[in-house]
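Throughout, a chain's letter reflects where its sequence line sits, starting with A, and its residues are numbered from 1. In what follows, every heavy atom counts, from backbone to side chain, and hydrogens, waters and symmetry copies are set aside.
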Amino acid sequence: MGDLKRTHTCGELNEKDVGSTVVLMGWVQTTRDHGGLIFIDLRDREGITQVVFNPEIHEESHKKAHLLRSEYVVAVKGKVRKRPEGMANPNIVTGEIEVVADDLRILNSAKTPPFVIEDHAQISENIRFRYRYLDLRRPSMIHNLTIRHLAAKCVRDFLSEQGFIEVETPFLTKSTPEGARDYLVPSRLNPGKFYALPQSPQLFKQILMVAGLDRYYQIVKCFRDEDLRADRQPEFTQIDMEMSFIKEEDLFKVVEGLMVTLLKRLLGVEINTPFKRLTYQESMDRFGTDKPDLRFHMELKDVSPLFRESAFKVFEHAIKKGGVVKAINVKGGAGTSRREIDELTQSAGQYGAQGLAWIRVLDGRFQSPIAKFLSDSEVIGLKGMLNIEEGDLILLVADQPNVVHQALGQLRLIMGRRLNMIKEDTFDFVWITNFPLLEYDELEGRYVAVHHPFTAPMEEDLEILKTQPEKVRARSYDLVLNGVEIGGGSIRNYRNDVQSMMFDALNIKQDEARDRFGFLLEALEFGAPPHGGIAFGFDRLLAVILKEESIREVMAFPKTQKAVCLLTHAPSVADKRQLDELSLKIKTIKSESEKG
RNA sequence: GGGGUCGUAGUUCAGCUCGGUUUAGAACGCCGGCCUGUCACGCCGGAGGGCGCGGGUUCAAAUCCCGUCGACCCCGCCA
């Protein structure tokens, strides 16, 4: 760099700077060599500025500019000039001006990059992740990371104003067998013992409430050793909150304020409060899911009453076996081809549906394989319940309720997307409340917590906790945005006796509970205040805000579906000395040749 | 653990059904030359892969078969 000092970024010069001498530093985006004149687009985090090398103005710089290649790092000194008439570039913010170089320093050369550093380039993820430092140079990635930073700052500012204190909690902590699989960390000083990386700071934040912190939050990494998805990474970030002396309404109000502030500040979007609310039951009944996308109005209708006795035996039998028949009316969907319907049937089959009944409403009649089984009263009934009109497509599934809900819930989404029913530019929040407290786990042969074991039951349901555990509703809630579950939480058990009842219901013995969560139970005995909280998937929230399909697009260094980091090649084998120090022995290792 | 899509120049993709005129193509990128108003610069010329890997069938395999590795999507799992 020599004596040069950067005076501006590549995104800020405009007509007001014409005439001033500036120094820019950045990467060479492109070069356009006209033999005489050479233009380069100089790029940094803030934008692109065109630099001109003119042999008549500065011969040496012009000569040196011939050496420039993509992604070279350079410093340029020169005078800002308004571009000649008609030569402005309206596509970039600095397009009215250019910098006429009278000094060029090549700060570093660069190998030819494996892909062009551009937003439009469609590059496969394995190449992008291997060269993530190049991928992150793309303006859209810098934008995503910048928004992420602003979001985190906004959360901190807002919650701090609301009296929340950010407290860090340990990463090297204790394994909690309930919930997801833990990442384990061997302890050198305690051979044979392991820390677990936290799935969430759940227990610590409750302890902080007992400690009287009153309002806690943390933007914190969490770790779960489960299979990955577009919206699931082994390490991800939560906005974690907990409040004392509150009920659901108090928390909703704070969270809604936070979301309003975030969308306002990040996107300039105004959203209305209070957010909609649905009980878990209502959401399942009407949308087939506990994370409904309410940006379009297609609902599941229970048409079972029409088919209790029917010539269509598939429906009749399903109902007799305790199942239901439900339908969605895909408005204007009658154009769906047989082949597409076959694909829909396959989608429904993923969730266990044995089949998919369908009716295309064309030329005033039902085109359907089941039409011949339907009585006049059944046809009239369907028309009334589903508001059937010309051009509609009716999809029906008969099975146990959970199968019907999952299958139709999925079909609702597929058809809503396919027929462009979704209002893309809206942010539709909904609270889902009154989740069941427990569900029966066939594999474990016992009830397990739907949320987690510290969730408080609704007081009026306490009396049936022993007799009808599956009927007990929890004081838990999820926040859903555009069909994505972005957060969930609950009011906690703060009384030791209620928590003990919960462990009983979960079939966790007293001494076992002591062993696993003893420190929390003990803490509850020392004057725990009523408290509750919520945690948001920060990555998911950002993905929705930035309209990204995958949370990998809002994380700097994500992992692949096999939880591998293509940049660093983690995880990798540990050498023998490390293992010895940790008193560990590896049973089997795949040889390098086997790995291909 | 299971279902699906994909893997061919640096990159994105075509070719693969139905093996043989393919010496495996295109675009972008790259290299060289020319060009004083370009900004997807233009024009001329050039280099670059043997088709993820292993095996099989065949006179002949990028094309067919088997296995395997990897990336992605989904179910299970996971809030």
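Among the heavy atoms of the strands lying under 4.0 Å from A:D33 is at least one base atom, whether or not backbone atoms are also near. Residue contacts shown for A:S70 are limited to sugar-phosphate atoms, with no base heavy atom under 4.0 Å away. Counting any heavy atom pair closer than 4.0 Å across all strands shown, A:E98 reaches a base atom. Within the 4.0 angstrom heavy-atom criterion, only backbone atoms of the sugar-phosphate kind lie near A:I127; the bases stay farther away. Within the 4.0 angstrom heavy-atom criterion, only backbone atoms of the sugar-phosphate kind lie near A:A230; the bases stay farther away. If you check every strand for non-hydrogen atoms under 4.0 Å, A:E125 touches sugar and phosphate atoms only.
The nucleotide B:A60 finds no pairing partner, because no Watson-Crick or G-U wobble arrangement with both distances shorter than 3.5 Å includes it. Under the Watson-Crick or G-U wobble criterion, with both distances below 3.5 Å, B:C77 is left unpaired in every strand shown. Using the Watson-Crick or G-U wobble rule with both distances under 3.5 Å, B:G54 pairs with B:C66.
For A:D41, counting side-chain heavy atoms from C-beta on, the closest listed nucleotide (B:C74, B:C78, B:C39) is B:C39. Minimum atom distance to the side chain of A:N91 is reached by B:A40, of the listed B:G29, B:A40, B:C77. The side chain of A:Q238 has B:A79 as its nearest neighbour among B:C39, B:C30, B:A79.
Applying the salt bridge (Lys or Arg N to Asp or Glu O under 4.0 Å) test between A:D102 and each of A:R81, A:K77, A:K64 identifies A:K77 as the sole match.
For RNA chain B, the neighbouring residues in residues 473-486 of chain A, judged by any heavy atom under 4.0 Å, are A:D478, A:E485.
Under the stacking definition used here (centres under 5.5 Å, planes under 30°), the residue A:F39 qualifies as stacked on the base of B:U38. In this pair, A:H34 does not lay its aromatic ring on the base of B:U38; centres under 5.5 Å and planes under 30 degrees do not both hold.
Look at A:K291 and A:E485 and you find no salt bridge, because none of the NZ, NE, NH1 or NH2 atoms lies under 4.0 Å from a carboxylate O. With respect to the salt-bridge test (charged N to carboxylate O, under 4.0 angstrom), the residues A:R224 and A:E235 do not qualify.
Scanning atom types as modelled, no donor and acceptor separated by under 3.5 angstrom connect the side chain of A:R32 and the base of B:C35. Judged by distance alone with a 3.5 Å cut-off, no donor-acceptor contact links the side chain of A:R69 to the base of B:G29. Residue side chain A:Q122 does not reach the base of B:U11 through any donor-acceptor N/O pair under 3.5 Å, judged by distance alone. You'll find a donor-acceptor pair under 3.5 Å spanning the side chain of A:R81 and the base of B:G37, going by distance alone.
Ring geometry, A:H452 versus A:F454: the interplanar angle falls from 30° to 60°, so the pair is classed tilted.
Comparing A:L228 and A:V564 by the nucleotide of RNA chain B that holds the closest heavy atom to each, the one mapping nearer the 5' end is A:V564.
Taking OG1 of A:T237 as the reference point, atom NZ of A:K221 lies at 5.0 Å (rounded to 0.5 Å).
Taking 90° from 0 as the syn/anti boundary, the base of B:G50 is oriented syn.
Taking the six-membered ring for Trp and the full ring otherwise, A:F53 and A:F39 have centroids separated by 6.0 Å or more. Taking the six-membered ring for Trp and the full ring otherwise, A:F435 and A:H451 have centroids separated by 6.0 Å or more. Aromatic rings of A:W431 and A:F252 (six-membered ring for Trp) have centroids within the 6.0 Å cut-off, being under it.
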